[in-house]
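When reading the values below, keep in mind they use all heavy atoms of this one structure, side chains included, and skip hydrogens, waters and symmetry mates. First listed ligand is number 1; within each ligand, the first listed atom is number 1.
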Amino acid sequence: MPFLTAEGQTYSKGLENVVAAISAISAIDGKEGILIYRGIDIEALAKHSNFGESSYLLLFGDLPNKHELEHFCADLFGARELPENVVNCLKSLPPDPHPMDILKLALAHAALYDPDKNRMNRKAKIRKAIRIIAQLPTITAFYHRARQGKEFIMPNPELDHAANFLYMLSGKEPDPEDAKIFDIALVLHLDHGLNASTFSALVTASTLSDMHSAIVSAIGTLKGPLHGGANERVLDMLEEIGRPEKAEKYIMNALKEKRKIMGFGHRVYKTMDPRAKILKEYAIKLSDKYNDRRLIDIALKVEEVMKREVSKKGIYPNVDFYSGIVYKFLGIPKDLYTPVFAIARVVGWTAHVLEYTEANRIFRPRVLYNGPIDREYIPLEQRP
Ligand code: ACO
């Protein structure tokens, strides 16, 4: 009965602690709360780098020199426009789907017109990666404008990735300090080891399917509330709590009912996520700048109660806990928080696809069958 045995095989629910790939892109020290991109601490990148430079680092392995950076940014900023048919399609969609579904749909649509669609060599894969990274913000912003019945704001090649997205959403050039904070938030989300969506991208790419298909798989995976979808739900929770004085009772009840508190806990971090630490700082800064501490005061109280109650289990704020408050002050609507996550993480997805497929092996794990065996086939007419 070979399908009943796990001989020579190990089973780990949710692949916990299973090493499924070797990568030189990013690494996490879950005990110390450290994240590095290509060896450089995320804190240093948040402080000194930016989206273009950190994306180059992740995709190509080294920080770019001046010429390489200019070249890369010119390619990236010049690839933001969408094929005309995709633009027309975005105009004709119903206003109520979740924007993550629109990202999947529009990216799959754009793939049909990609000039490299039939090429699978490394250079073509890089060109496709750059186009996808450049186009996801345009898709998100255009859809958001279309669902409000507003004209599209064409990308502005003079603006960097972060500022251009905020500009395409609102039609106004953002305050430079706010655009810089958004840029930092994007840098913090660029990559994170073999998380669920990156793994999805790799599973698809490992079959030698194309870059667009891999990224569409990843977007579908990021959508879920246990992954990228948590940031939206954190804001729902803070709004539901309503006032800092109500946080204690709300959290204690939720823990009693064994409900998960969104924005807390992580498979790898057993201390505060270093990205949450930085985002917390900016959430406080923006709350003070805009003189509105309602959400941050509730969030700080939630963190205090969670620290007292569950930090002994290694549950601390993750990247999603404070990001929503930052995005709210930047004028980004709540249902775009997960697409914004995708706009950053697509860099990691594409970097991992490029790396993994260089020494590809198809992912094909086994399942431990625990169903019945030796059952007799009963013809339809004899079944009860
Ligand atoms: N709130 C309360 N308790 C929690 C939380 C939480 N957010 N997260 C974990 N726990 C508890 C569990 O109830 C469990 O307790 P028990 O051992 O007493 O039963 C223990 O911690 C282990 O939890 P698991 O769910 O087994 O941990 P796992 O590693 O499978 O899950 C996950 C990690 C999915 C992130 C989980 O912590 C969670 O659901 N968090 C809320 C959703 C969230 O914020 N997701 C974003 C993650 S970061 C990202 O993807 C960008």
Between Ile251 and Glu309, does the side chain to side chain contact (heavy atoms under 4.5 Å, CB included) criterion hold? Intermediate values first, please.
CA-CA 9 Å; Ile251 297 299; Glu309 295 298 320; 5.7 Å; no
Working for ring-ring contact (aromatic ring centres under 6.0 Å, His included), residues Phe363 and Phe199
CA-CA 10 Å; Phe363 281 103; Phe199 184 52; 5.3 Å; yes
Steps toward ring-ring contact (aromatic ring centres under 6.0 Å, His included) verdict (Tyr56, His71)
CA-CA 11 Å; Tyr56 185 101; His71 201 272; 9.7 Å; no
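For atom 31 (O) of ligand 1, the nearest protein heavy atom lies 4.0 Å away or farther. The protein does not reach atom 22 (C) of ligand 1 closely, with no heavy atom under 4.0 angstrom from it. At least one protein heavy atom sits closer than 4.0 Å to atom 8 (N) of ligand 1. Protein heavy atoms come within 4.0 Å of atom 37 (O) of ligand 1. For atom 17 (O) of ligand 1, no protein heavy-atom neighbour is found at a distance under 4.0 Å.
Counting protein heavy atoms only, atom 42 (C) of ligand 1 is closest to Met262 SD, 3.7 Å. Atom 35 (C) of ligand 1 has Gly265 O, 3.6 Å as its closest protein atom, hydrogens excluded (heavy atom only). Taking atom 3 (N) of ligand 1 as the reference point, the nearest protein heavy-atom neighbour is Ile315 CD1, 3.9 Å. Scanning all protein heavy atoms for the shortest distance to atom 46 (C) of ligand 1 gives Asp320 OD2, 3.4 Å. Shortest contact from atom 1 (N) of ligand 1 to any protein heavy atom: Ile261 N, 2.9 Å. Given atom 15 (O) of ligand 1, the protein heavy atom at minimum distance is Lys313 NZ, 3.2 Å. With hydrogens left out, the protein atom closest to atom 13 (O) of ligand 1 is Lys260 CE, 3.9 Å, a heavy atom. Atom 49 (C) of ligand 1 has His227 ND1, 3.8 Å as its closest protein atom, hydrogens excluded (heavy atom only).
Checked by distance only, ligand 1 and Arg259 stay at 3.5 Å or farther apart across all their nitrogen or oxygen atoms. Residue Phe264 has at least one nitrogen or oxygen atom sitting less than 3.5 Å from a nitrogen or oxygen atom of ligand 1, judged on distance alone. Distances between N or O atoms of Gly263 and those of ligand 1 include at least one value under 3.5 Å.
Annotation for ligand 1: atoms under 4.0 Å from non-hydrogen atoms of Ala230 are 43 (C), 44 (O), 45 (N), 46 (C). Near Val319, meaning under 4.0 Å from one of its heavy atoms, ligand 1 places the atoms 51 (C). Every atom of ligand 1 with a heavy atom of Phe341 under 4.0 Å away is listed here by number and element: 51 (C).
Counted by atom type alone, Tyr143 and Asp101 present zero donor-acceptor pairs between their side chains at under 3.5 Å. Checked by atom type, the side-chain pair Asp191/His352 shows a donor-acceptor distance below 3.5 Å. Counting only N and O atoms by type, the side chains of Glu303 and Tyr322 include a donor and acceptor under 3.5 Å apart. Remark: the Ser209 side chain and the Thr204 side chain contain no N/O donor-acceptor pair separated by less than 3.5 Å.
Contacts between Leu226 and ligand 1, counted as non-hydrogen atom pairs separated by less than 4.0 Å, involve both the backbone and the side chain. Using a 4.0 Å cut-off between heavy atoms, Phe321 makes no contact with ligand 1 at all. Of the heavy atoms in Asn195, none comes closer than 4.0 Å to ligand 1.
Hydrophobic clustering keeps Ile40 apart from Ile34 (ILVMFWY residues linked when any side-chain heavy atoms are closer than 4.5 Å, directly or through intermediates).
No heavy atom of Gly14 sits closer than 4.0 Å to any atom of ligand 1. Residue contacts with ligand 1 do not include Val310, since none of its heavy atoms lies under 4.0 Å from the ligand.
The main-chain N or O of Met168 is never found under 3.5 Å from a side-chain atom of Lys172 such that the two would form a donor-acceptor pair. Side-chain N or O atoms of Gln148 include one that pairs as donor or acceptor with a backbone N or O of His144 at under 3.5 Å. Judged by distance alone, the side chain of Glu16 and the main-chain N or O of Lys13 form no donor-acceptor pair under 3.5 Å.
Looking at Lys66 and Glu70, a side-chain N of the basic residue comes within less than 4.0 Å of a carboxylate O on the acidic one, giving a salt bridge.
With values rounded to the nearest 0.5 angstrom, Glu53 atom CD is found 10.5 Å from His48 atom NE2. In this structure, the separation between CG on Leu235 and OH on Tyr327 is 11.0 Å, given to the nearest 0.5 Å.
Between Phe341 and His189, the ring planes are perpendicular. Angles over 60° get that label, and only those under 30° would be called parallel.
Among Met306, Lys270, Arg267, the residue whose heavy atom lies closest to atom 33 (C) of ligand 1 is Arg267.
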